[in-house]
Amino acid sequence: DAGVIQSPRHEVTEMGQEVTLRCKPISGHNSLFWYRQTMMRGLELLIYFNNNVPIDDSGMPEDRFSAKMPNASFSTLKIQPSEPRDSAVYFCASSNNYSNQPQHFGDGTRLSIL
Amino acid sequence: KQEVTQIPAALSVPEGENLVLNCSFTDSAIYNLQWFRQDPGKGLTSLLLIQSSQREQTSGRLNASLDKSSGRSTLYIAASQPGDSATYLCAVIYRGGGYQKVTFGTGTKLQVIP
């Protein structure tokens with residue numbers, strides 16, 4: 001079975017541009033998570049969805065960040081406009097029941113904002 | 001606010017040694033605790049998940065324990081191998097602000113020397 005699939009793997013763009021990161025969770029999983037990982041702050045939860053509905057977006061750093069999950073097999077994280085401090089590795093993870101099943105991570109998108 | 005600490009930050013051991021990684025958390029009202037490994041340039045791989053009602057979980061050469069009252073978990077790796085070299089992270093799932101939250105530790109970078 002395919003794991004969590006993220007695209008693109010790498011993204012380099014200039015500040016001010018819109019960035020869209022994509023995620024396909026594991027089929028059948030009902031929870032989806034977006035994380036950001038930096039050397040300074042470690043791994044931080046940005047937002048998570050349960051049954052395609054955003055449950056907790058308190059980790060989203062600013063209004064420039066938005067996430068959607070239009071159906072059970074696809075989610076996007078968008079940054080508009082992007083800034084150099086948004087440079088990080090962004091991970092998507094999915095789980096079948098958040099409270100008692102493990103999370104499965106994608107390989108991440110390495111984002112560099114120049 | 002839940003704080004998760006992992007000690008040591010880095011560890012280097014010769015092949016064949018048994019070793020213990022530590023994870024401590026400040027709020028004992030948790031749903032579960034999960035141990036992951038992260039290889040360079042990769043996402044996180046789930047190793048073990050311990051429910052709040054459990055004391056330990058085992059998988060192969062790995063054993064994870066949980067002591068909620070003291071806010072501690074340990075990951076025991078028996079007969080370490082060079083392939084165990086990676087960063088190990090613990091994550092605590094708990095209830096905060098009406099939502100399920102997750103906080104990751106900063107990780108222990110393990111090097112097993114052949």
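Numbered from 1 within each chain, the chains take letters A, B, ... in sequence-line order.
- At a 4.5 Å heavy-atom cutoff, the contact between Arg9(A) and chain B is made by side-chain atoms alone.
- Within residues 28-63 of chain B, the residues approaching chain A closer than 4.5 Å by heavy atoms are, in numerical order, Tyr31(B), Asn32(B), Gln34(B), Phe36(B), Gln38(B), Gly41(B), Lys42(B), Gly43(B), Leu44(B), Ser46(B), Leu49(B), Gln51(B).
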Next on the checklist: Could you walk me through whether Arg22(A) and Phe74(A) satisfy the side-chain contact (heavy atoms from CB on, under 4.5 Å) test, starting with their C-alpha distance in whole Å, then the side-chain angles of each, then the deciding distance to 0.1 Å, before giving a yes or no?
Outcome noted: CA-CA 7 Å; Arg22(A) 297 173 176 80; Phe74(A) 183 66; 3.9 Å; yes
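- For the pair Pro8(A) and Leu21(A), the tightest heavy-atom approach, listed with the atom from each and the gap, is CD-CD2, 4.4 Å.
- For the atom pair NE2 of His104(A) and CG of Leu32(A), the computed distance is 13.0 Å after rounding to the nearest 0.5 Å.
- Interatomic distance, Arg95(B) CZ to Gln2(B) CD, rounded to the nearest 0.5 Å: 14.5 Å.
- Of all residues spanning residues 65-77 of chain B, none has a heavy atom less than 4.5 Å away from chain A's heavy atoms.
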Checklist entry - Could you go step by step and tell me if Leu111(A) and Val89(A) meet the side-chain contact (heavy atoms from CB on, under 4.5 Å) rule? => result CA-CA 6 Å; Leu111(A) 177 64; Val89(A) 181; over 6 Å; no
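- The CZ atom of Phe105(A) sits 10.0 Å away from atom OG of Ser95(A), with the distance rounded to the nearest 0.5 Å.
- Rounding to the nearest 0.5 angstrom, the gap separating the CG atom in Asp27(B) from the NZ atom in Lys1(B) is 12.5 Å.
- Side chain of Ser80(B) to main chain of Glu17(B): a donor-acceptor pair is present (N/O by atom type, distance under 3.5 Å, no hydrogens or angles).
- Residues Phe65(A) and Arg36(A) are in side-chain contact: their nearest non-hydrogen atoms beyond the backbone lie under 4.5 Å apart.
- Phe33(A) does not touch chain B: none of its heavy atoms, backbone or side chain, sits under 4.5 Å away.
- Every residue two or more places apart in sequence or in another chain that forms a side-chain contact (heavy atoms from CB on, under 4.5 Å) with Pro81(A) is listed here: Arg64(A).
- In this structure, the portions of Leu43(A) lying under 4.5 Å from any heavy atom of chain B include both its backbone and its side chain.
- Note on ring orientation: taking the six-membered ring where Trp is involved, the planes of Tyr35(A) and Phe104(B) are perpendicular (angle over 60°, cut-offs 30° and 60°).
- How far OG of Ser31(A) is from CD1 of Ile26(A): 12.0 Å, rounded to the nearest 0.5 Å.
- The closest side-chain heavy-atom distance from Glu44(A) to Gln37(A) is not below 4.5 Å.
- Looking only at heavy-atom pairs under 4.5 Å with chain A, the residue among Val102(B), Thr103(B), Leu89(B) that has the most is Val102(B).
- Checked by atom type, the side-chain pair Ser58(A)/Lys101(B) shows a donor-acceptor distance below 3.5 Å.
- Within residues 3-16 of chain B, no residue approaches chain A closer than 4.5 Å by heavy atoms.
- How far CG of Asp84(B) is from CG of Leu19(B): 7.5 Å, rounded to the nearest 0.5 Å.
- Neither the backbone nor the side chain of Gln6(A) comes within less than 4.5 Å of any heavy atom in chain B.
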